[in-house]
2 protein chains.
Amino acid sequence: MNTQDHRIRSSSGQAVERLRELIFSGQLGAGSDHLESELAESLGMSRTPVREALLVLEGQGLVDVRPRKGVRIKPLSPVDMAEIYDVLTELESLAAANAAREGYSADDLQQLEHTINLMDSALEENDRGAWARADDAFHAELVQLGRNSRVEAIAQMMSDQVRRARLVTLHMRPVPNRSNEDHRAVLDAIAAGDADTAARVHREHRTAAKKVIVDLLETHHLSSV
Amino acid sequence: MNTQDHRIRSSSGQAVERLRELIFSGQLGAGSDHLESELAESLGMSRTPVREALLVLEGQGLVDVRPRKGVRIKPLSPVDMAEIYDVLTELESLAAANAAREGYSADDLQQLEHTINLMDSALEENDRGAWARADDAFHAELVQLGRNSRVEAIAQMMSDQVRRARLVTLHMRPVPNRSNEDHRAVLDAIAAGDADTAARVHREHRTAAKKVIVDLLETHHLSSV
DNA sequence: GCATAATTTAATGTATACATTAATGGATGA
DNA sequence: TCATCCATTAATGTATACATTAAATTATGC
């Protein structure tokens, strides 16, 4: 998001990247506590770059630094999830509306259409992992089309926070058949330059998704993931 | 936003607070570059806590850390300002809608009404500084009523980024007479539990404000503030 | 035996020395 | 004269030693 191009040179940057991987893969589980010195040792570097990385990750909402109690991988409650989905709903709908106003050509929107096709294939093959990755890509691409770098950054942060929770929920929820109709409707509205429809359809899409996830967490008594 | 209650104990926390003051007061001007060692000396501490503070401030969008070129106090272009206002418009309107749904009593809303009254007085006395502070307070209180901690945090960050620019624009723009009608209309809609109206009125309010500010910057050829 | 206070301990917070790196300026060559 | 390469330098990046602090544990008084 901020620093290097391809090869992360600084230890600090490496620490951010590797800690993110450990968090998203679940190796650093939600709610677990970790000492700076342990993390430093496991990453093969001194505490200094690890501390700097932890400050960055705290700013991204992924960890809580709690003096003398270790850094906690931030757990997400159903309330947190609802908050995050509400933010995503608003900002992505704004992005959809702005995208529609940009007057993109069919060619400009090819990538987004391709991503929707990927989701279709994933659904047919019942490959939920592939579907999730394509869904992430769809939302990221949509937001990019809105051309607001702050919206992009915030949406990315919120998506990151949700990603870990999906490790748990992905195989519990119903197959998201409905989703792709919504995605295509948003794409069509953008292509037609209809900002209101793009925003409205996307808003409904996200609102429905929020309900599915939050209900799922509450039904299964997952007070934090 | 994150750590201490009243007395900042750690140097790192002090550095964040004091650097923020220096930025918002204009003593560290937009676009200016500064060495870590200079900042450390002027704050009377070593580089370590200053570096940590700069990482936090970078996360808040207030500075850019550019290796070997010093940290730059992030300047805002008219495009940046438009982006920020768009984010604020969406999230505050969401907050207004959610506030309306909370079913607050007149008593709960007393603080917000008081703040609007403060703005009225400030306008009568033509005290733009007081008006600006009350306007900040209004928006902060509104967002709090929406009960979404992430919306609060993001709105705060965006407001912070705008605050420095207002040093320049505050005395250039027309007296914001219209503003308070809007504020009262939002308050009334919240009190009436009318979420759609609250969101719509607030959206129109912010959209108008965005236009005033962006036009002002462009008219005066302020490519960055 | 229980509560409170003092001591110990284990973690974070800070300073500093050192390593690394990219920009600068100068020398060397064509 | 100009371009390229090398050396210098000045900044950031990292490791480490040390200071500080809050929690845990033990000791002490009642």
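These values consider heavy atoms only, across backbone and side chains, with no hydrogens, waters or symmetry-generated copies. Remember, it's a predicted structure, so these values are computed and weren't measured experimentally. Below, chains carry the letters A, B, ... as their sequence lines are ordered, and counting in each starts from 1.
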**Asked** Within 45° of the six-membered ring axis of B:Phe24 and under 6.0 Å from that ring's centre, is NZ or CZ of B:Arg164 located there?
**Response** no
**Prompt:** If you check every side-chain atom of B:Arg68, which of C:dG13, D:dT14, D:dT12 has the closest atom?
**Reply:** D:dT12
Atom-to-atom span, [atom1] of [X] to [atom2] of [N] - whole angstrom:
X	N	atom1	atom2	answer
B:Arg9	D:dT21	CZ	P	9 Å
B:Gln14	C:dG13	CD	P	14 Å
B:Lys69	D:dG13	NZ	P	13 Å
B:Glu52	C:dA15	CD	P	10 Å

**Request:** Assess whether salt bridge (Lys or Arg N to Asp or Glu O under 4.0 Å) is satisfied between A:Glu92 and A:Arg203, documenting all intermediate values.
**Result:** CA-CA 8 Å; A:Glu92 287 179 356; A:Arg203 179 181 304 270; over 6 Å; no
**Request:** Check whether any side-chain nitrogen or oxygen of B:Arg51 sits under 4.0 Å from OP1 or OP2 of D:dT12, and answer yes or no.
**Result:** no
**Prompt:** Using 30° and 60° as the class limits, which term best fits the ring planes of B:His139 and B:His183: parallel, tilted or perpendicular?
**Reply:** perpendicular
**Item:** DNA chain C contacts among residues 31-50 of chain B, heavy-atom distance under 4.0 Å
**Value:** B:Met45, B:Ser46, B:Thr48, B:Pro49
**Prompt:** Any chance the side chains of A:Asp86 and A:Thr89 put a donor and an acceptor closer than 3.5 Å?
**Reply:** no
**Under 3.5 Å side-chain donor-acceptor pair for B:Gln14 and B:Arg9** = no
**Request:** Considering only NZ, NE, NH1 and NH2 on the basic side and carboxylate oxygens on the acidic side, decide whether B:Asp64 and B:Arg72 come within less than 4.0 Å.
**Result:** no
